[in-house]
Amino acid sequence: MAEQPNATVTYGVINETTEFEHRVAITPDIVTRLRKSAVQCIIEAGAGLAAHYTDDDYRAAGAEVADKATVLTRSDCIATVSRLPLADLDQVREGTWVIGMLQSFTDDAYIQELNKRALVGIAMERLPRQLSAAQSMDEMTSQNSVMGYQAVLVAAQAYGSFLPMMTTAAGTIRPAKVLVLGAGIAGLQAIGTAKRLGARVSAYDVRPAAREEVKSLGADFLELGIDLSQGQGEGGYARALSEEERQAQQAAVDRQAAQFDIVITTAQVPGRKPPVLLTAAGVQAMKRGSVIVDCAASEFGGNVEGSSIGTTITPQGVTLIGAPYLASEVATTASALLARNLADVCAHMVRDGKLSIDADDEIDQALVVTEQSN
Ligand code: NAD
């Protein structure tokens, strides 16, 4: 496909497909959308296949399909699902913009690597989500929402019984009892999905505002019997609990978890390691056949003590699934939403046909973590 005559910014996307990652940072409709902002797309061959977008789909939308080295060297701006590995950063030109989840709150060394190479880092995790102009760029909301939905489906698959109540000629099956810990974007989506499947759902969150949101979805708010009413911190997010509060919370969650068949955890505190809400003792007390899906799991641990990425079955017969990659399992939709989030950030920063930073713009101020130093 010939380059668009007035296209002045080249937007590149590489293939990030791995065992756990099936998403792609651009979809064909977004190629078309970006062309309207005079942005031309160049995409690594095969990048969208795992999400069911073919190279021909991208070409038909007006993109160029190329090999990885060409994408890395020709792009003015590279958008990613996660972030470019250092070996790829070595190949991009000085002054290239990199947009993605750069983990800037927790990995300063990576930001220094961008700095060293004179790259412009645009950190999606820093989006001022409360701004109405930023809503369509909110990757955390779009991907966490997909994650919460998929968490329930994964749990239902691993659970050996029905979620809804069923009255059959051979007897009545009681509905599954589902507990959702952390009722933010992912948790609320998990509550809605579990309710639609007919489960009896309870949920808990440390933010007082979550109580009404949980109830409005028809779920019960789980009373822990401890006062964490100061659990809301800056910007409407949860704050990290004190050691004392943490222990009280864990003891209360451990006590109550045994009455549930499925536990889904989604609790995060921005810029910190996820809090442990359910300890090994709590897991051990759950019934044989129960299922836990820990969406916050990572190599550093998650919301459930002992969870690691993948599936483990405890000696007591509880299935513990550590699954931070759930959005990638709904790759077609997750990519469509993510592609729009990333492209809208790029389009926001294309001014007079060029990528530029407006120091007075609130979105720019928040997202730019490194600027070209030369
Ligand atoms: P998140 O992914 O950072 O965390 C998930 C949930 O875990 C949060 O609800 C948090 O309160 C909860 N949590 C943290 N520590 C906990 C603990 N010890 N025990 C129990 N729960 C714990 O959060 P999120 O889903 O991105 O959103 C959190 C808040 O931000 C919500 O109030 C949401 O409405 C708000 N938000 C606002 C906008 C906007 O203004 N446009 C966009 C997205 C989210």
Side-chain angles (χ1 to χ4, degrees), residues 148 151-167 171-184 186-207 210-228 231 241 245-267 275-297 302-307 311-323:
V152 175
L153 301 192
V154 164
Q157 282 278 322
Y159 182 53
S161 189
F162 286 140
L163 265 67
M165 188 179 95
M166 290 254 187
T167 305
T172 299
I173 310 293
R174 68 167 179 85
K177 290 180 77 181
V178 173
L179 173 63
V180 176
L181 296 172
L188 293 174
Q189 189 60 247
I191 293 169
T193 307
K195 288 287 295 179
R196 286 193 289 275
L197 285 175
R200 277 182 55 192
V201 185
S202 301
Y204 172 75
D205 195 293
V206 77
R207 287 179 298 107
R211 180 182 293 266
E212 284 314 308
E213 289 164 3
V214 164
K215 287 187 176 165
S216 74
L217 290 175
D220 296 322
F221 191 83
L222 183 75
E223 301 297 345
L224 288 189
I226 49 173
D227 180 17
L228 294 176
L241 301 183
E245 289 170 324
R246 199 174 56 81
Q247 284 181 11
Q249 190 189 50
Q250 285 172 349
V253 171
D254 282 358
R255 257 194 318 276
Q256 301 228 30
Q259 58 176 304
F260 292 94
D261 303 299
I262 292 174
V263 176
I264 293 170
T265 68
T266 70
V276 172
L277 305 183
L278 182 64
T279 74
V283 175
Q284 196 169 344
M286 289 178 72
K287 293 184 289 280
R288 176 169 284 277
S290 306
V291 177
I292 302 169
V293 177
D294 183 355
C295 297
N303 291 149
V304 182
E305 191 180 12
S307 82
T311 300
T312 23
I313 299 180
T314 68
Q316 293 76 31
V318 176
T319 302
L320 174 50
I321 303 170

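What you see is a predicted model; the values in this text were computed from it and never measured.
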**Q** Using only atom types and a distance under 3.5 Å, with no angle test, would you say the side chain of Lys195 pairs donor to acceptor with the backbone of Leu217?
**A**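 Not confirmed, Lys195 side chain does not pair with Leu217 backbone.
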**Q** Please identify each residue that fulfils salt bridge (charged side-chain N to carboxylate O under 4.0 Å, His left out) with Arg288, with sequence neighbours left out.
**A** none
**Q** Measuring from atom CD of Gln284 to atom CG of Leu278, what distance do you get when rounded to the nearest 0.5 angstrom?
**A** 11.5 Å
**Q** In terms of heavy-atom contacts, does CZ of Phe221 have more than 12 from other residues, nucleotides or ligands at under 6.0 Å?
**A** yes
**Q** Using 0.5 Å steps for rounding, measure from the CG atom of Leu179 to the OG atom of Ser290.
**A**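 Here the interatomic distance stands at 11.5 Å.
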**Q** With a 3.5 Å distance limit and no angle check, can you tell me whether Asp220 reaches the backbone of Leu222 through a side-chain donor-acceptor pair?
**A**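 Side chain of Asp220 to backbone of Leu222: no pair is present.
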**Q** If I compare all heavy atoms of Pro175 with all of Asp261, which pair ends up nearest, and what's the gap?
**A**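 Smallest heavy-atom distance, with atoms named: O-OD2, 4.4 Å.
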**Q** Would you compute the distance between atom CD1 of Ile292 and atom CG of Leu181 and round it to the nearest 0.5 angstrom?
**A** 9.5 Å
**Q** Are the side chain of Gln256 and the backbone N or O of Glu223 linked by a donor-acceptor pair below 3.5 Å?
**A** yes
**Q** Compare every heavy atom of Glu245 with every heavy atom of Leu241, then report the nearest pair and how far apart it is.
**A** CA-OE1, 3.4 Å
**Q** Measure the CG-CD distance between Leu277 and Gln250 for me, rounded to the nearest 0.5 Å.
**A** 7.5 Å
**Q** Looking only at heavy atoms, what is the nearest atom pair of Gln249 and Tyr204, with distance?
**A**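 Shortest heavy-atom separation between Gln249 and Tyr204 comes out as NE2-CE2, 3.2 Å.
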**Q** I need the single residue from Thr319, Val154, Val291 that forms a side chain to side chain contact (heavy atoms under 4.5 Å, CB included) with Thr311. Which is it?
**A** Thr319
**Q** Is Met286 close to Val263 at the side-chain level, that is, under 4.5 Å between some pair of heavy atoms?
**A**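 Val263 reaches Met286 side chain to side chain.
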**Q** So do the side chains of Ile262 and Leu163 get within less than 4.5 Å of each other, counting heavy atoms only?
**A** yes
**Q** Which heavy atom of Ile264 sits nearest a heavy atom of Cys295, and at what distance?
**A** CG2-SG, 4.4 Å
**Q** Return the minimal non-hydrogen interatomic distance between Ala155 and Val293, and the atom names on each side.
**A**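 That would be CB-CG2, 3.8 Å.
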**Q** Write down the atom of Gly184, the atom of Asp205, and the distance for their closest heavy-atom approach.
**A**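 The pair with the smallest heavy-atom distance is N-OD2, 3.8 Å.
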**Q** Hey, is the main chain of Val276 close enough, under 3.5 Å, to the side chain of Glu305 for a donor-acceptor pair?
**A** no
**Q** Are any side-chain N or O atoms of Asp294 and backbone N or O atoms of Ser307, one a donor and one an acceptor, separated by less than 3.5 Å?
**A** no
**Q** Looking at Ala281, is its backbone amide N or carbonyl O close enough to the side chain of Asp254 to form a donor-acceptor pair, meaning the two atoms are under 3.5 Å apart?
**A**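 No: the side chain of Asp254 does not pair with the backbone of Ala281.
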**Q** Is a side-chain N or O of Asn303 found less than 3.5 angstrom from the main chain of Pro275, in a donor-acceptor match?
**A**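 Between the backbone of Pro275 and the side chain of Asn303 there is a qualifying donor-acceptor contact (under 3.5 Å).
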